[in-house]
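So you know, we letter chains A, B, ... as the sequences are listed, proteins then strands, and number each from 1.
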4 protein chains.
Amino acid sequence: MARPKSEDKRNALLDSALHIFSEQGLSAPTSKIAKGAGVAEGTLFNYFETKDDLLNQLYLELKVHLRDAMLPGYPDTQDLKTRLHHAWNTYVAWGVANPQKRKVMVLLMMSDRLSEASKRSGSEDFKDIHQHMQEGTACGALRDQPTAFIAAIMRSLADTTMDFMSNEPEHAQRYCDAGFAAYWNAIATD
Amino acid sequence: MARPKSEDKRNALLDSALHIFSEQGLSAPTSKIAKGAGVAEGTLFNYFETKDDLLNQLYLELKVHLRDAMLPGYPDTQDLKTRLHHAWNTYVAWGVANPQKRKVMVLLMMSDRLSEASKRSGSEDFKDIHQHMQEGTACGALRDQPTAFIAAIMRSLADTTMDFMSNEPEHAQRYCDAGFAAYWNAIATD
Amino acid sequence: MARPKSEDKRNALLDSALHIFSEQGLSAPTSKIAKGAGVAEGTLFNYFETKDDLLNQLYLELKVHLRDAMLPGYPDTQDLKTRLHHAWNTYVAWGVANPQKRKVMVLLMMSDRLSEASKRSGSEDFKDIHQHMQEGTACGALRDQPTAFIAAIMRSLADTTMDFMSNEPEHAQRYCDAGFAAYWNAIATD
Amino acid sequence: MARPKSEDKRNALLDSALHIFSEQGLSAPTSKIAKGAGVAEGTLFNYFETKDDLLNQLYLELKVHLRDAMLPGYPDTQDLKTRLHHAWNTYVAWGVANPQKRKVMVLLMMSDRLSEASKRSGSEDFKDIHQHMQEGTACGALRDQPTAFIAAIMRSLADTTMDFMSNEPEHAQRYCDAGFAAYWNAIATD
DNA sequence: AATGAATGAGAATTCATTCAT
DNA sequence: AATGAATGAATTCTCATTCAT
């Protein structure tokens, strides 16, 4: 009875938000997002209570999308380097394939518009991955540092690497390899 | 003396902008900035044509400020590790001492409101420092990568390090040391 | 039975409107009214063409409700004072027992959203009562004034009285008696 | 320096608000009020922080306006009837001369948008007048009722009276006199 | 040059009403 | 008839910028 709230429209709105935020920043007006999704301005607020709600839900979608890109095929049983390499490669591949998603994710994390609940839920999504990375990191320069630090360093190195990959696509592979080599050297001792 | 526009006021405006942007983001209204500087709303536009102009000039000021913190005492003649350690230490010291400046600098760089001219001019300021870092980096995992990459990696590692230092001040020194060790391992081979 | 639109639903809507308007004023959204009645937003417009139509019909319902509270047991054959006392007592009793109805009735009358037809129809309902009050008012200060004026004055005095009764329930009876005494003195000479 | 905030504009806004509210109710849009005052939409918010602020300030202006109409020439030293007659006459004269002000005042008082502070301040304005009315009311049907009740009754009787005066201007004087006679009979015994 | 009032183009929402299901 | 998603005009308020003083 009545039209069901369409998952398509919700996705169209999130997708439109993604594109517009990546181009114009999070201050882009909701009217443009609605137009980009092909719906009326008011319709956006049928799917998201407020703009901030849209922001938070978009964040969670992105987190899940990234996790789903990183989790499959995780070489649980292999040694640390192999596991980290998998994390590195899947993260970089995701970021290179989804530059807008990566950019908006950063904008969101810097924006102070994410609720504590969203942040928690977003971290929750990555519990598995962090656990996979955790075991056996205990060597090298970062021997005594918390896993969060190791993970944050991977993230920052990978992000920097991706920036260069995007700017010089012809050297993308070289940067990717060098980036991981640097990361591995940074945290471990062969 | 005969200069009509007071340098003091300009500085007060930039300073106020820094504080307000660091607290409220770049979308903070110009009226608040003017108030924080103790001048009238309209006066701001005697010193900066537009809000974007203010943003760009603030960016350049921050870049120069950082460079002036990193350049003096540079151990030109010492070996690479010593030089990089100096860069690391001065950068981290600056960031820890000026968290607002660091935060606003990041906000500005992510904001797509910086003109190409500003970005170029900002890079220009760091030519010297990059040159100092450049010589003799040719070893380790990043042997064949451009200095810009090496520098960007330092920046990202240092930024991550500083985030942890701020969050856990009691372990600040440990993070700082571990961060540099990681960096050095990342790029060089002893 | 064969009636498609349910009288129950119509009543539920009017009842919900009453409660919500009394709490939030006439600008309360129709969606809340529908929800309060346990029907869908759109259903409201199957029973009332527009919000204004709902307002007008609610007004008429309230008028009838009040009349039905005042009419039974009217001491037609008694003297004026007795009749007016009956009118006073039944009106006050109704108002005290139905504060929401009284409030919304006032809101509606002040709202300029009642059609002429509704106003006329509402007055029509009170023709009998006015007639009952009319006969033999010809004495006292209001000797030469139209019954409508006498009735309006009763209404305003009773409303004021009820406001004080509500605010000071412990003195309700005193106010009620004093109010009627004042009214009787106002219009008649013993 | 700079344009001073003009008292004229503030008055034009309050005046425009008065006219528009009296015709369309308190839900009339601020844009119409601004237009009616001959200023830009945004200008309204230079003079009144919010629409509610405008409402509250308008209320206070009206209260003061009424008080200024009732206070001068108050026959302090005369007997009660004379004093009440003065109050009655000045109030009715004000209401008849300013039907919009009277209507909007009622709308405001019923609106639940007045702050406690405004209500208090509005009452404060009438302290003198209430005091003048107070002394020596101790007789008649309302002998034992609080002054507030006596005053409220005057107000409601006078309002009703004015409604009839407006509807039948040719009998205005008759209604006015009859109204006061009714009031006096209501509360006192000669 | 300095001031701050004035401006008006947005911005995020709300909501009566329509209409596909 | 009932539903509730979709609509888009309307609303309050913000803010970069202009301009009279």
According to salt bridge (charged side-chain N to carboxylate O under 4.0 Å, His left out), does anything in residues 19-37 of chain D pair up with another residue at least two apart or in another chain? List the pairs. none
Between V39(A) and E49(D), the residue closer to the 5' end of DNA chain F by nearest nucleotide is V39(A)
Donor-acceptor pair, side chain of S121(D) and main chain of S118(D), under 3.5 angstrom: no
Interatomic distance, CD1@I33(D) vs CD@E41(D), rounded to 0.5 Å, equals 11.0 Å
Value for CG (L66(B)) from NZ (K63(B)), rounded to nearest 0.5 Å, stands at 7.0 Å
So among Q100(D), M109(D), R102(D), K101(D), which one has a side chain to side chain contact (heavy atoms under 4.5 Å, CB included) with L62(D)? K101(D)
Length of the line joining E7(B):CD and dA1(E):P, which is rounded to integer Å: 14 Å
5′-ward residue of the pair G42(B)/L44(D) relative to DNA chain E: G42(B)
Selection from dG4(F), dT7(F), dT12(F) that lies nearest to any side-chain heavy atom of P29(D): dT12(F)
Atom CG of N46(B) and atom C1' of dA16(F): how far apart are they, to the nearest Å? 14 Å
On DNA chain E, compare the nucleotides closest to T50(C) and K51(A); which residue's is nearer the 5' end? K51(A)
Which whole-number value in Å describes the distance from R113(A) CZ to dA11(E) C1'? 11 Å
Presence of T30(B) side-chain N/O under 4.0 Å of dA16(F) phosphate oxygens OP1/OP2: yes
If you look at every strand shown and take non-hydrogen atoms under 4.0 Å, does Y47(A) touch a base, only sugar-phosphate, or nothing? sugar-phosphate
Output row for DNA chain F, stems defined as at least 3 consecutive Watson-Crick or G-U pairs under 3.5 Å, is E:2-21 with F:2-21
Which whole-number value in Å describes the distance from D53(A) CG to dA12(E) C1'? 14 Å
Minimum-distance nucleotide to T43(A) side chain [options: dA6(F), dT17(E), dT13(E)]: dA6(F)
Just to confirm, is there a sub-4.0 Å distance from OP1 or OP2 of dA2(F) to any side-chain nitrogen or oxygen of K9(C)? yes
Can you tell me how far P of dA2(F) sits from CZ of F48(C), to the nearest Å? 12 Å
Over all strands shown, is A28(D) touching base, sugar-phosphate only, or nothing at heavy-atom distances under 4.0 angstrom? sugar-phosphate
How many angstroms lie between atom CG of N56(C) and atom NZ of K119(C), to the nearest 0.5 angstrom? 9.5 Å
